[in-house]
Colleague: 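Pasting in a structure now, in structure tokens, and then I'll have a few things to ask.
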Amino acid sequence: GNRGEEYQGVGQPLSPGQWHDLAYRIPELCGVCLSEVGVVVRNLDGDLWSGSLRVDSLGRGGTPRFSYDFSQERHEYGAISQWTFLRGYWRLNDGAYHGSGSGISETYSGDIDWRDYTLTVQLTPLLGEHHNLNLRVQGARRSYAVGLAPDQQLTLYKNAQGYRPVASVPLAWEHGRSYKISVIAQGNCLTVQVGGETLLAWADEDSPYIHGQIGLSNFAGCHTRYEDVQIH
């Protein structure tokens with residue numbers, strides 16, 4: 001949808017009166033907006049054709065492998081294309097996605113059915129002490145978050161009707177500097193890396209969230225610049 005490109009699978013002959021299973025594996029793409037999906041039918045016999053085509057079901061699944069390019073997105077409904085938001089002031093500026101607000105500000109993307117994946121976010125803290133990325137988001141009251149926290153900490157939170165810190169390690173971070181944070185989610189285990197170095201690992205033994213969307217968030221009085229989001 002951002003570049004007007006189309007991708008199709010290899011054609012398959014169709015026989016009248018028979019059901020056929022069609023499948024297409026979406027390649028790994030960068031800076032994309034998947035805007036439409038469907039079935040293309042072509043008549044290769046040269047004669048006029050009339051009839052009907054019945055589609056019984058259409059679904060998608062698998063581990064997501066793509067990235068967002070915020071410079072290609074546009075403002076939509078209080079957030080931007082491909083993203084929704086719960087609260088806060090979310091906008092595009094200088095090719096990045098910015099979030100700020102007087103309370104907990106959150107924005108979401110992706111599919112609630114996503115399970116195991118790695119989420120990598122490049123962010124710059126501009127104001128305040130809480131700058132997060134979210135995963136396994138199941139709405140406003142259930143998710144995990146990882147981010148830069150007060151007292152020079154990297155903190156992992158569980159949002160179970162409210163954010164609660166569950167693990168922290170020291171990290172000397174500063175405003176105006178960009179950080180690349182990755183979270184590997186496998187089952188009930190979360191592993192956090194900063195700049196490619198593993199700093200934190202934690203397993204949720206109490207009603208873990210094993211699927212959900214991705215998100216970005218910060219807390220009251222914070223302003224965060226998000227430059228890049230990748231998921232695979």
Side-chain angles (χ1 to χ4, degrees), residues 1-86 97 106-121 133-140 142-144 182-191 204 207-216 228-232:
N2 286 339
R3 295 193 294 265
E5 297 177 348
E6 296 183 358
Y7 297 83
Q8 292 185 16
V10 177
Q12 177 178 327
L14 302 181
S15 300
Q18 297 183 16
W19 288 104
H20 301 76
D21 292 325
L22 307 178
Y24 176 63
R25 182 177 179 85
I26 301 173
E28 183 172 355
L29 302 170
C30 297
V32 299
C33 175
L34 301 181
S35 59
E36 294 181 347
V37 61
V39 178
V40 176
V41 180
R42 290 188 172 91
N43 177 19
L44 302 180
D45 291 335
D47 298 327
L48 293 177
W49 176 82
S50 64
S52 62
L53 178 73
R54 178 177 296 176
V55 179
D56 181 66
S57 62
L58 179 65
R60 77 276 186 270
T63 301
R65 297 183 64 87
F66 67 98
S67 65
Y68 297 84
D69 181 354
F70 293 127
S71 68
Q72 306 247 352
E73 303 302 336
R74 55 199 174 274
H75 295 279
E76 285 186 353
Y77 309 109
I80 63 173
S81 48
Q82 307 196 74
W83 292 76
T84 60
F85 82 110
L86 173 65
Y97 193 22
E106 299 183 0
T107 183
Y108 315 127
S109 189
D111 192 333
I112 196 172
D113 290 329
W114 286 350
R115 303 179 78 85
D116 291 351
Y117 52 77
T118 298
L119 173 63
T120 300
V121 175
L133 54 101
N134 291 55
L135 65 158
R136 302 272 178 83
V137 179
Q138 300 176 11
R142 291 189 301 275
S143 66
Y144 299 109
S182 298
V183 184
I184 304 167
Q186 293 181 319
N188 70 330
C189 297
L190 302 177
T191 303
D204 190 352
S207 301
Y209 309 138
I210 59 173
H211 63 87
Q213 293 179 284
I214 62 171
L216 308 170
D228 185 62
V229 175
Q230 300 178 21
I231 183 168
H232 58 87

Colleague: Can you list every side-chain hydrogen bond (donor to acceptor under 3.5 Å, both in side chains) pair that touches residues 9-18, not counting sequence neighbours?
Modeller: none
Colleague: Tell me which pairs pass salt bridge (Lys or Arg N to Asp or Glu O under 4.0 Å) where either residue lies in residues 10-19, with sequence neighbours left out.
Modeller: none
Colleague: Is any side-chain heavy atom of Trp114 less than 4.5 Å from a side-chain heavy atom of Ile214?
Modeller: yes
Colleague: Looking at Ile112, is its backbone amide N or carbonyl O close enough to the side chain of His211 to form a donor-acceptor pair, meaning the two atoms are under 3.5 Å apart?
Modeller: yes
Colleague: Check for a donor-acceptor pair, side chain of Tyr108 on one end and backbone N or O of Asn134 on the other, with a separation under 3.5 Å.
Modeller: no
Colleague: Can you tell me which residue among Asp116, Val183, Leu119 is in a side-chain contact (heavy atoms from CB on, under 4.5 Å) with Arg136?
Modeller: Asp116
Colleague: Return each pair, listed once, that meets salt bridge (Lys or Arg N to Asp or Glu O under 4.0 Å) where at least one residue sits in residues 13-29; pairs must be two or more places apart or across chains.
Modeller: Glu28-Arg65
Colleague: Can you tell me which residue pairs pass the side-chain hydrogen bond (donor to acceptor under 3.5 Å, both in side chains) test with a partner in residues 67-81, sequence neighbours excluded?
Modeller: Asn2-Glu73, Tyr68-Ser109, Asp69-Ser71, Glu73-Ser81, Glu73-Gln82, Arg74-Glu76
Colleague: Checking side-chain contact (heavy atoms from CB on, under 4.5 Å) against Leu190, which of Ile184, Asp204, Leu135 comes through?
Modeller: Leu135
Colleague: Using a 3.5 Å distance criterion without hydrogens, assess whether the side chain of Asp45 forms a donor-acceptor pair with backbone atoms of Asp47.
Modeller: no
Colleague: Return the set of residues passing salt bridge (Lys or Arg N to Asp or Glu O under 4.0 Å) with Arg115 (not counting sequence neighbours), or none when no residue passes.
Modeller: none
Colleague: Keeping Gln213 on the side-chain end and Gly110 on the backbone end, is there a donor-acceptor pair under 3.5 Å?
Modeller: yes
Colleague: What I want to check is whether the side chains of Tyr97 and Thr107 have a donor and an acceptor closer together than 3.5 Å.
Modeller: yes
Colleague: So how far is it from His20 NE2 to Leu53 CG, rounded to the nearest 0.5 Å?
Modeller: 10.0 Å
Colleague: Side chains of Ile26 and Phe66: closer than 4.5 Å at any heavy-atom pair?
Modeller: no
Colleague: With a 6.0 Å cut-off (strictly less than), is the heavy-atom count around CD of Glu5, excluding the residue itself, greater than 12?
Modeller: yes
Colleague: Starting at CG of Leu14, measure out to CG of Leu22 and round the result to the nearest 0.5 Å.
Modeller: 6.5 Å
Colleague: Determine whether more than 12 heavy atoms belonging to other residues, nucleotides or ligands lie under 6.0 Å from atom CG of Leu86.
Modeller: yes
Colleague: Identify the heavy atoms of Ile210 and Gly187 that sit nearest to each other, and give their distance.
Modeller: CG2-O, 4.3 Å
Colleague: Rounded to the nearest 0.5 Å, what's the gap from OG on Ser35 to CZ on Arg3? Could you check?
Modeller: 11.5 Å
Colleague: Measure the shortest side-chain to side-chain distance between Tyr209 and Val137 over non-hydrogen atoms and say whether it is less than 4.5 angstrom.
Modeller: no
Colleague: Can you check whether Gln8 reaches Val40 side chain to side chain, under 4.5 Å on heavy atoms?
Modeller: yes
Colleague: What closest approach, in Å, do Tyr144 and Pro208 show between heavy atoms, and which atom pair accounts for it?
Modeller: OH-CA, 3.4 Å
Colleague: What distance separates Trp19 CH2 from Asp56 CG, expressed to the nearest 0.5 Å?
Modeller: 4.5 Å
Colleague: State which residues pass salt bridge (Lys or Arg N to Asp or Glu O under 4.0 Å) with Glu36; sequence neighbours excluded, sorted by chain then number.
Modeller: none
Colleague: Could you state the interatomic distance from OG (Ser207) to CG (Asn188), rounded to the nearest 0.5 Å?
Modeller: 11.0 Å
